[in-house]
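Worksheet for the structure shown next.
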Amino acid sequence: MHKKPVLPALVVIAHGSRDPRHAATVHALVRRVRSLRPGLRVETGFLDFNVPSVHGVLESLAADGVRDVVALPLLLTRAFHAKADIPAVLRDAPPRLRIRQAEVLGPSPLLLSALERRLYEAGLSPADKSSTGVVLASAGSSDPEAIAVIAEIAREWRRTGWCAVRPAFASASLPRTEDAVRELRALGCARVAVAPYVLAPGFLPDRIARGATEADVLADVLGPAPEVARVLLERYETARTPVLAAVGA
């Protein structure tokens, strides 16, 4: 009998925050991922502010005899953390670990579904789409690639039937949420909704919420939405396949 190959462990790498809601939301999302894939070892490591650290998680996995790891950035865009911070942390991992860095979560049609889920939970219905303008409110980035991706997601989402969709940014880029809300009002949309394109509560999501005071609807953060958990597992599956091929599975 052939031994069933051991699945690479999944290490979800979150940014971390002084805001306790951040870590609580990350852990809730990871619990949902575990529930979708019983038998898969899923650990969470934080880059800053929270424990365990990414390095601590990797040390523990190595001490437990784990050989293969998929490191998954809990990020929606490929900006500085995905391009620089996380690779630097992974280079410092125990040498016995074989690590592949998965792609960031966005863009994905599943994330658009999660955004709509949050808008409907906040009081909208599919019948409201054609008369509602949506602000796609992201944290913001100084990385032009990340900004371009947010703008493209807004264009793609608009094509699904909303009155209009405008990107907005809580930091580093313009427009701000409140300016995008006013622009949609000026366009003549009957109502305006703000959809935070962020994973967990914290300083910048709070800034988005303050910018949404003139909107009719403010959706919750994506958090542990089932679609987000499915994206995590999609990214894991894509990254793990070469790992298994490398060990002859």
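Numbers here simply count residues along the sequence, with the first being 1.
Between His55 and Asp92, the closest heavy-atom pair is CE1-O, 3.1 Å. In terms of heavy-atom proximity, Ala195 sits nearest to Trp157 at CB-CH2, 3.9 Å. The two residues Cys163 and Cys189 come nearest to each other via the heavy atoms SG-SG, 2.6 Å. Taking every heavy atom of both residues into account, Glu43 and Val57 meet most closely at CB-CG1, 3.7 Å. The two residues Ile208 and Ser138 have their closest heavy-atom pair at CD1-O, 3.9 Å. What you find for Gly106 and Leu111 is that their closest heavy atoms are CA-CD1, 3.7 Å.
Taking the side chain as every heavy atom from C-beta outward, Leu233 and Leu40 approach each other to under 4.5 Å. At least one side-chain heavy atom of Glu152 sits less than 4.5 Å from a side-chain heavy atom of Arg155. The closest side-chain heavy-atom distance from Thr132 to Val192 is not below 4.5 Å. Between Glu103 and Thr238, the closest side-chain pair of non-hydrogen atoms is not below 4.5 Å. Here the side chains of Pro224 and Arg31 are not in contact, with every heavy-atom distance at 4.5 Å or above. Side chains of Asp64 and Arg41 form a contact here, defined as non-hydrogen atoms less than 4.5 Å apart. At least one side-chain heavy atom of Phe169 sits under 4.5 Å from a side-chain heavy atom of Ile150. In this structure, the side chains of Pro73 and Val104 come closer than 4.5 Å at one or more pairs of heavy atoms.
Between Leu222 and the options Leu115, Leu105, Thr25, a side-chain contact (heavy atoms from CB on, under 4.5 Å) holds for only Leu115. Each of Val231, Leu7, Val42, Val33 was evaluated against Tyr236; a single residue qualifies, Leu7, per the side-chain contact (heavy atoms from CB on, under 4.5 Å) test.
A salt bridge does not link Arg96 to Asp68: none of the charged side-chain nitrogens sits closer than 4.0 Å to a carboxylate oxygen. Salt bridge present: Arg185 and Asp216 bring a charged side-chain N and a carboxylate O closer than 4.0 Å. Salt bridge status for Arg159 with Glu156: absent, with no side-chain N to carboxylate O gap under 4.0 Å.
Remark: the backbone N or O of Thr160 is paired with a side-chain donor or acceptor of Lys129 at under 3.5 angstrom. A donor-acceptor distance shorter than 3.5 angstrom exists from the side chain of Ser171 to the backbone of Ala139, with no hydrogens or angles considered. No donor-acceptor pair under 3.5 Å is formed between the side chain of Arg166 and the backbone N or O of Val135. A distance-only check finds no donor-acceptor pair linking the side chain of Arg176 to the backbone of Ala168 [under 3.5 Å]. Under the 3.5 Å distance criterion, the side-chain polar atoms of His22 are matched with a main-chain donor or acceptor of Gly16. Judged purely by atom type and a 3.5 angstrom limit, Thr213 has no side-chain atom pairing as donor or acceptor with the backbone of Ala209. At distances below 3.5 Å, not a single donor-acceptor pair connects side-chain atoms of Arg98 with backbone N or O atoms of Pro95. Judged purely by atom type and a 3.5 angstrom limit, Arg100 uses its side chain to pair as donor or acceptor with the backbone of Ala239. In this structure, Asp143 contributes its side chain and Glu145 its backbone to a donor-acceptor pair below 3.5 Å.
Hydrophobic clustering (side-chain heavy atoms under 4.5 Å, transitive across Ile, Leu, Val, Met, Phe, Trp, Tyr) groups Leu76 together with Leu136. Hydrophobic cluster membership is shared by Leu61 and Ile99, with clusters built from Ile, Leu, Val, Met, Phe, Trp and Tyr side chains linked at under 4.5 angstrom. In the hydrophobic cluster analysis, where Ile, Leu, Val, Met, Phe, Trp and Tyr join through side-chain heavy atoms closer than 4.5 angstrom, Phe49 is grouped apart from Val54. Two different hydrophobic clusters hold Ile147 and Leu204 under the rule that ILVMFWY side chains link at heavy-atom gaps under 4.5 Å. Using a 4.5 Å cut-off between side-chain heavy atoms of Ile, Leu, Val, Met, Phe, Trp and Tyr, with links allowed through other members, Val198 and Val149 fall into different hydrophobic clusters.
Interatomic distance, CG of Leu232 versus OG of Ser108, reported as 10.5 Å (0.5 Å rounding). Within the model, atoms CG of Leu97 and CD of Glu59 stand 8.5 Å from one another, a figure rounded to the nearest 0.5 Å. Summarising the geometry, atom CD1 belonging to Ile86 is positioned 12.0 Å from atom CZ belonging to Arg91; distances are rounded to the nearest 0.5 Å. Rounding to the nearest 0.5 Å places OG1 of Thr177 at 10.5 Å from CZ of Arg182.
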**Report entry** Check against side-chain contact (heavy atoms from CB on, under 4.5 Å), Val165 and Leu184
**Finding:** CA-CA 8 Å; Val165 180; Leu184 290 170; over 6 Å; no
Query raised in the report: Should Val11 and Val70 be marked as a side-chain contact (heavy atoms from CB on, under 4.5 Å) after you check the CA-CA gap, both sets of side-chain angles, and the distance that decides it?
Result: CA-CA 6 Å; Val11 176; Val70 170; over 6 Å; no
**Report entry** Arg118/Glu227 under salt bridge (charged side-chain N to carboxylate O under 4.0 Å, His left out): CA gap, chis, key distance, verdict
**Finding:** CA-CA 11 Å; Arg118 294 301 188 225; Glu227 296 88 353; over 6 Å; no
**Report entry** CA sep, side-chain torsions, deciding dist, call: Ile13, Leu72, side-chain contact (heavy atoms from CB on, under 4.5 Å)
**Finding:** CA-CA 6 Å; Ile13 301 178; Leu72 195 154; over 6 Å; no
Report task. Show your reasoning for whether salt bridge (charged side-chain N to carboxylate O under 4.0 Å, His left out) applies to Asp206 and Arg21. Result -> CA-CA 11 Å; Asp206 284 350; Arg21 297 173 299 166; 3.0 Å; yes
Query raised in the report: Would Val30 and Leu10 satisfy side-chain contact (heavy atoms from CB on, under 4.5 Å), going step by step from the backbone distance to the final call?
Result: CA-CA 10 Å; Val30 170; Leu10 170 57; over 6 Å; no
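Between the side chains of Glu116 and Trp162, at least one donor N or O lies within less than 3.5 Å of an accepting N or O. A donor-acceptor contact under 3.5 angstrom links the side chains of Arg191 and Ser131, judged on distance only.
Every residue two or more places apart in sequence or in another chain that forms a side-chain contact (heavy atoms from CB on, under 4.5 Å) with Ser125 is listed here: Ala127, Asp128.
The distance between the ring centers of His27 and Phe46 falls below 6.0 angstrom.
Cluster note: Leu174 groups with no other residue, as no ILVMFWY side-chain heavy atom lies under 4.5 Å from it.
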